[in-house]
There are 2 protein chains.
Amino acid sequence: MTLPPLVQAFVLHFGEMGSRWGINRSVGQVYALLYLSPEPLNADQIVAALGVSRSNVSMALRELQAWNLVLLRHLPGDRRDHFTTPDDVWVILRTLAEERKKREIDPTLTVLRELLMQSPGSEDERHAQARIRAMHAMIEQLTGWYDEVKRLPNERLAALLRLGAGVTRLLETADRVVAFAKPARPAATTESQWTKESP
Amino acid sequence: MTLPPLVQAFVLHFGEMGSRWGINRSVGQVYALLYLSPEPLNADQIVAALGVSRSNVSMALRELQAWNLVLLRHLPGDRRDHFTTPDDVWVILRTLAEERKKREIDPTLTVLRELLMQSPGSEDERHAQARIRAMHAMIEQLTGWYDEVKRLPNERLAALLRLGAGVTRLLETADRVVAFAKPARPAATTESQWTKESP
DNA sequence: GCGTTATTTCAGGAATTTCTGGAACTCCAT
DNA sequence: ATGGAGTTCCAGAAATTCCTGAAATAACGC
């Protein structure tokens with residue numbers, strides 16, 4: 001089975017990028033193929049299309065399932081598992097974000113929290129803990145934002161993206177409204193309390 | 001040289017996470033150490049602290065410099081290079097985002113654009129190209145948003161994060177204002193108003 | 001049950017990445 | 001120049017990751 005040049009190029013690119021994205025070449029290629037395929041493919045079709053071993057495809061599919069990046073389809077009258085990707089790219093984006101957060105951020109957040117519980121035994125440790133606290137605070141803020149944003153329906157999310165930095169125009173307006181309502185409030189920035197330890 | 005337990009734990013964790021973050025253990029450890037260190041360290045101090053080879057540290061530092069994640073300091077009366085990390089975590093975040101985009105997204109964007117230039121030779125290719133177009137459009141939208149947001153000063157960025165999904169409340173409000181100002185427009189949805197207005 | 005087909009597991013070989021020690025290079029002070 | 005401190009480069013060793021073929025397991029129709 002030989003792929004159309006366009007598909008071939010896409011598949012190869014995803015294979016190459018795989019290593020940068022934290023997946024291996026086969027996983028990247030299988031995903032790319034499924035994404036472009038007009039209909040669900042079974043494992044043997046993938047083997048034929050990519051020219052890798054059957055077991056390799058099996059492992060790649062497992063990995064993709066662990067990432068929630070492929071869907072299992074059963075065609076009528078066919079025992080074999082067929083696979084597709086979600087066709088809404090926004091769904092794919094959400095999945096990717098969620099899984100990467102789970103793998104790349106959550107473990108660190110846990111460790112940072114643990115380290116912040118310890119009481120520092122030296123001046124250096126005190127300093128280290130302050131640095132860790134700064135990092136922790138930033139990550140918490142980011143994940144908090146993410147947790148809210150991910151609940152938005154697609155159209156809302158898209159609207160937000162289109163608005164881009166323009167949001168700040170709205171923020172300014174809202175700010176002025178607040179300032180008008182409560183003129184006494186002092187302006188505290190998030191990071192100012194941590195930047196006092198400059199070299 | 002033996003590190004305080006707190007620092008040790010942090011350093012080891014960054015070493016372990018390194019592989020998930022697309023850097024190697026040594027790079028992760030060196031970065032973690034520099035981040036926590038109360039003052040700039042030279043290569044030999046890093047060697048002593050981490051117990052890895054001199055050349056390994058050298059390569060790790062090169063890599064970190066390629067990522068713009070470390071700063072080079074020259075202490076008076078000392079020829080050796082000393083290294084630190086930026087102490088503002090928001091600067092670090094921006095750097096990370098920028099570099100990851102450059103490595104993980106931009107190459108793909110280029111390839112997708114190229115593939116979209118080709119004229120499809122078959123029905124399958126036509127379908128594939130449509131899928132590629134969808135992916136391309138999403139990535140463009142994301143990077144467009146990112147390019148705008150990254151220009152915001154820290155406080156603005158922090159404000160945005162604090163607001164979280166609450167932005168959509170503002171969007172709704174703004175929408176109603178627009179709808180109120182131009183009631184003749186038939187059944188406009190929230191985002192359609194902003195589409196044309198966010199250049 | 002039994003044979004057939006589909007899928008998964010797994011040991012070990014292949015490929016890639018990481019790490020090391022040492023040689024080479026650069027820069028500066030003498 | 002020369003010596004020495006600091007740094008980088010590089011070839012091979014070590015470690016890790018990836019891929020395969022063969023064997024095991026599962027699922028179904030008969």
Legend entry - Between C:dT20 (P) and B:I46 (CD1): distance, integer Å: 14 Å
Inset, instruction - Please report, rounded to the nearest Å, how far the P atom of D:dG21 is from the CG atom of A:N56. - result: 10 Å
Inset, instruction - Give B:R79 one of three labels, base, sugar-phosphate or nothing, depending on what nucleic acid heavy atoms sit under 4.0 Å from its own. - result: base
Legend entry - Length of the line joining A:D78:CG and D:dA27:P, which is rounded to integer Å: 17 Å
Legend entry - Distance in angstrom units between B:R54 CZ and C:dA24 C1', rounded: 14 Å
Legend entry - Check: B:W67 and B:L96 side chains under 4.5 Å, non-hydrogen atoms: yes
Legend entry - Residue closer to the 5' end of DNA chain C, B:V52 versus A:F83 (nearest nucleotide): A:F83
Legend entry - Integer-rounded Å distance: D:dA14 C1' and B:N24 CG: 14 Å
Inset, instruction - Would you mind classifying the nucleic acid contact of B:D81 as base, sugar-phosphate or nothing, using non-hydrogen atoms under 4.0 angstrom? - result: sugar-phosphate
Inset, instruction - To the nearest Å, give me how far apart CG (B:N42) and P (D:dA5) are. - result: 14 Å
Inset, instruction - Looking at every strand, decide which applies to B:S19 at a 4.0 Å heavy-atom threshold: base, sugar-phosphate, or nothing. - result: nothing
Legend entry - Side chains of B:L71 and B:F83 in contact at under 4.5 Å (non-hydrogen atoms): no
Inset, instruction - Provide, to the nearest angstrom, the distance between the CZ atom belonging to B:R62 and the P atom belonging to D:dT7. - result: 13 Å
Legend entry - Length of the CG-P vector between A:L50 and D:dT20, whole Å: 10 Å
Legend entry - Test side chain to side chain contact (heavy atoms under 4.5 Å, CB included) applied to B:Y31 and B:L61, B:L64, B:V11, the passing residue: B:L64
Inset, instruction - Answer yes or no: is there an ion pair linking A:E104 with B:R100, defined by an N-O contact shorter than 4.0 Å? - result: yes
Inset, instruction - Describe the nucleic acid contact of A:D44 in one word from base, sugar-phosphate, nothing, applying a heavy-atom distance below 4.0 Å. - result: nothing
